[in-house]
Amino acid sequence: MTGVHPQAARPVPLNRSEFKAFQQIPTRWMDVDIYGHVNNVQYLSFFDTAVNGWYVANGLLDPVNSSEIFLVVETGCHYFSELTFPNGVSAGLKIEKLGGSSVVFRVGLFSGDASETAAHGRFVHVQVDRNSRRPVTISHRKRGILTSLMA
């Protein structure tokens, strides 16, 4: 049959040891839905918080003053187990690909000190000029810092 694609293998949880850096993110009461677990839309917010927090902590971004900023161009998430309130989230980071102006992250969300991801996903940023929103090549200095997260 044309147009039929074989079923892709379902992703599996990743181990904490597969990530290069971690950001701690507290869950909030408002993150929890009627089913008693963190709502899926919050997971993408955790990705954004972890990556941008790492940028700020490593001098790659000043959200107010940087002439270049990173914009999300793609994201996706695979869910394996629930995150809950009041447990904290440990967000693991690694870079799968570093392009001329783009960065492809794998972000893993762990419930507290768990050894396997409750969820993980792809998070793609493109560095752009703050005003024109056109892609800008990642500088040698920034590239050196980013490579510390390379898988």
### Polar side-chain atom of H78 near backbone of R10 as donor-acceptor pair, under 3.5 Å
no
### Query
Looking only at heavy atoms, what is the nearest atom pair of L109 and A91, with distance?
CD2-CB, 3.8 Å
### Message
Is the shortest side-chain heavy-atom distance between V124 and F105 below 4.5 Å?
### Response
no
### Query
How close do W54 and L146 get, heavy atom to heavy atom, and via which atoms?
CZ3-CD2, 3.8 Å
#### Entry: Non-hydrogen side-chain atoms of Q23 and L93 separated by less than 4.5 Å
yes
### Query
In Å, rounded to the nearest 0.5 Å, how long is the span from CZ of R143 to OG1 of T147?
9.0 Å
### Query
Is there side-chain contact between L71 and V126, with at least one heavy-atom pair below 4.5 Å?
no
### Task
Measure the spacing between CZ of R28 and CD1 of I25 and express it to the nearest 0.5 Å.
10.0 Å
#### Entry: Connected via hydrophobic side-chain network under 4.5 Å: Y79 and L14
no
### Message
Is the distance between the ring centroids of H37 and F85 under 6.0 Å?
### Response
no
### Message
Nearest 0.5 Å, please: how far is CZ in R106 from NZ in K97?
### Response
14.0 Å
### Query
Are F19 and F110 close enough that their ring centres sit under 6.0 Å apart?
yes
### Query
Is the NZ or CZ atom of R16 both under 6.0 Å from the centre of the six-membered ring of F22 and within 45° of that ring's axis?
yes
### Task
Give the cluster check for I95 versus V107: same hydrophobic cluster or not, with ILVMFWY residues linked at side-chain heavy-atom distances below 4.5 Å.
yes
### Message
If you count every heavy atom of other residues, nucleotides or ligands that lies below 6.0 Å from R134 atom CZ, does the total exceed 12?
### Response
no
### Message
Looking at every non-hydrogen atom in both residues, tell me the closest pair between V38 and F46 and how far apart they are.
### Response
CG1-CE1, 3.9 Å
### Task
State plainly whether one hydrophobic cluster holds both L44 and V32, where clusters connect Ile, Leu, Val, Met, Phe, Trp and Tyr through side-chain heavy atoms under 4.5 angstrom apart.
no
### Expected output: side-chain N65 to main-chain D62 donor-acceptor under 3.5 Å
no
#### Entry: Point-to-point distance, once rounded to the nearest 0.5 Å, from SG of C77 to CG of N40
8.0 Å
### Taking every non-hydrogen atom, the tightest pair across N87 and T27
O-OG1, 2.7 Å
### Message
I'd like to know whether Q127 forms a side chain to side chain donor-acceptor pair (under 3.5 Å) with S101, so could you lay out the CA-CA distance, the side-chain angles of the two residues, the decisive distance to 0.1 Å, and finally the verdict.
### Response
CA-CA 5 Å; Q127 181 179 253; S101 61; over 6 Å; no
### Query
Would K142 and E68 pass as an ion pair if we require N to O under 4.0 Å?
yes
### Task
Examine distances only and state if a side-chain atom of N39 and a backbone atom of Q42 form a donor-acceptor pair shorter than 3.5 Å.
no
### Query
Do V72 and L149 share a hydrophobic cluster (ILVMFWY, side-chain heavy atoms under 4.5 Å, transitive)?
yes
### Query
Do the side chain of E18 and the main chain of N15 share a donor and acceptor less than 3.5 angstrom apart?
yes
### Message
Rounded to the nearest 0.5 Å, what separates atom NZ in K20 from atom NZ in K94?
### Response
8.0 Å
### Query
Are Y43 and V89 close enough that some pair of their side-chain heavy atoms sits under 4.5 Å apart?
no
### Task
Check whether any side-chain N or O of S148 sits under 3.5 Å from a backbone N or O of I145 as a donor-acceptor pair, and report yes or no.
yes
### Over all atoms of both residues, closest heavy-atom pair of L98 and M150
CB-SD, 4.1 Å
#### Entry: Atom pair CG/OG of N131 and S67 - distance to nearest 0.5 Å
8.5 Å
### Query
Hey, does H120 have a side-chain heavy atom less than 4.5 Å from the side chain of P13?
no
### Summary
Shortest non-hydrogen pair, T84 vs G36, comes out as CG2-O, 4.0 Å
### Message
Below 30° counts as parallel, above 60° as perpendicular, anything between as tilted: where do the rings of F70 and Y55 land?
### Response
parallel
### N/O donor-acceptor pair under 3.5 Å between N58 side chain and L60 backbone
no
